Amino acid sequence: MIMAGTGRITDEGFTVADLADCAEREVHQRQRFYPRLIASWRMAQAKAERQTALMQAIARNLREEAAVETESGNLFGGVLEVPHG
């Protein structure tokens, strides 16, 4: 059970902010690792740019969602039941 004001939590127990943090770390990993793949001809520049841009969009969307939850409390209001199983 999630009480009002704590935000949405996944079945695994992650908040939207947790998901945003992870996506942002992944963006940084890609920015560090993809240049080596490109230099070794194991990844095309265009693919690296697209994959990084996709993860940046995911991170941005999750961060925006987390900010909305923080500003407004629980988006759903009241008590939220989280299904398990």
Side-chain angles (χ1 to χ4, degrees):
M1 181 183 302
I2 303 170
M3 301 306 294
T6 61
R8 186 165 50 91
I9 298 179
T10 67
D11 289 345
E12 300 83 8
F14 305 126
T15 66
V16 176
D18 292 333
L19 298 173
D21 290 344
C22 185
E24 289 166 351
R25 280 191 303 275
E26 179 60 25
V27 168
H28 295 295
Q29 290 283 24
R30 290 176 185 205
Q31 289 171 335
R32 285 193 301 264
F33 185 63
Y34 283 1
R36 285 182 271 170
L37 292 178
I38 294 164
S40 67
W41 297 95
R42 296 184 346 207
M43 180 179 269
Q45 178 76 38
K47 182 176 181 177
E49 289 171 0
R50 177 173 167 71
Q51 293 299 311
T52 300
L54 283 166
M55 188 54 66
Q56 287 171 326
I58 291 166
R60 183 178 53 253
N61 288 343
L62 288 167
R63 185 57 63 202
E64 289 170 1
E65 186 176 340
V68 168
E69 284 189 358
T70 299
E71 290 172 8
S72 65
N74 186 342
L75 289 176
F76 304 102
V79 176
L80 240 188
E81 290 290 333
V82 178
H84 293 283

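As the structure is a computational prediction, the values presented were derived from the model and not from experiment.
Put simply, CD on Glu24 and CE on Met55 are 11.0 Å apart, with the number rounded to the nearest 0.5 Å. Between the CZ atom in Arg42 and the CG atom in Leu37 there is a gap of 5.0 Å [rounded to 0.5 Å]. The distance from the OH atom of Tyr34 to the NZ atom of Lys47 is 7.5 Å, given to the nearest 0.5 Å. One finds the CG atom of Leu19 at 8.5 Å from the CD atom of Glu12 (value rounded to the nearest 0.5 Å). Once rounded to the nearest 0.5 Å, the distance linking CD of Glu65 with OG1 of Thr70 reads 10.5 Å. Rounded to the nearest 0.5 angstrom, His28 NE2 and Gln56 CD are separated by 9.0 Å.
When atom types are taken as modelled, the side chain of Asp18 and the backbone of Thr15 share a donor-acceptor pair closer than 3.5 angstrom.
Nearest heavy-atom pair across Ala66 and Val16 is N-CG1, 3.6 Å. In terms of heavy-atom proximity, Ala20 sits nearest to Ala59 at CB-O, 4.4 Å.
When each of Gln31, Arg25, Arg32, Glu26 is paired with Gln29, the side-chain hydrogen bond (donor to acceptor under 3.5 Å, both in side chains) condition holds for Arg32 and for no other.
Within the 4.5 Å cutoff, the side chain of Glu64 has no heavy atoms near those of the Val68 side chain. You'll find the side chain of Asp21 reaches within 4.5 Å of the side chain of Arg63, heavy atoms only.
In the hydrophobic clustering of ILVMFWY residues, with side-chain heavy atoms under 4.5 Å counting as a link, Phe33 and Val27 come out apart.
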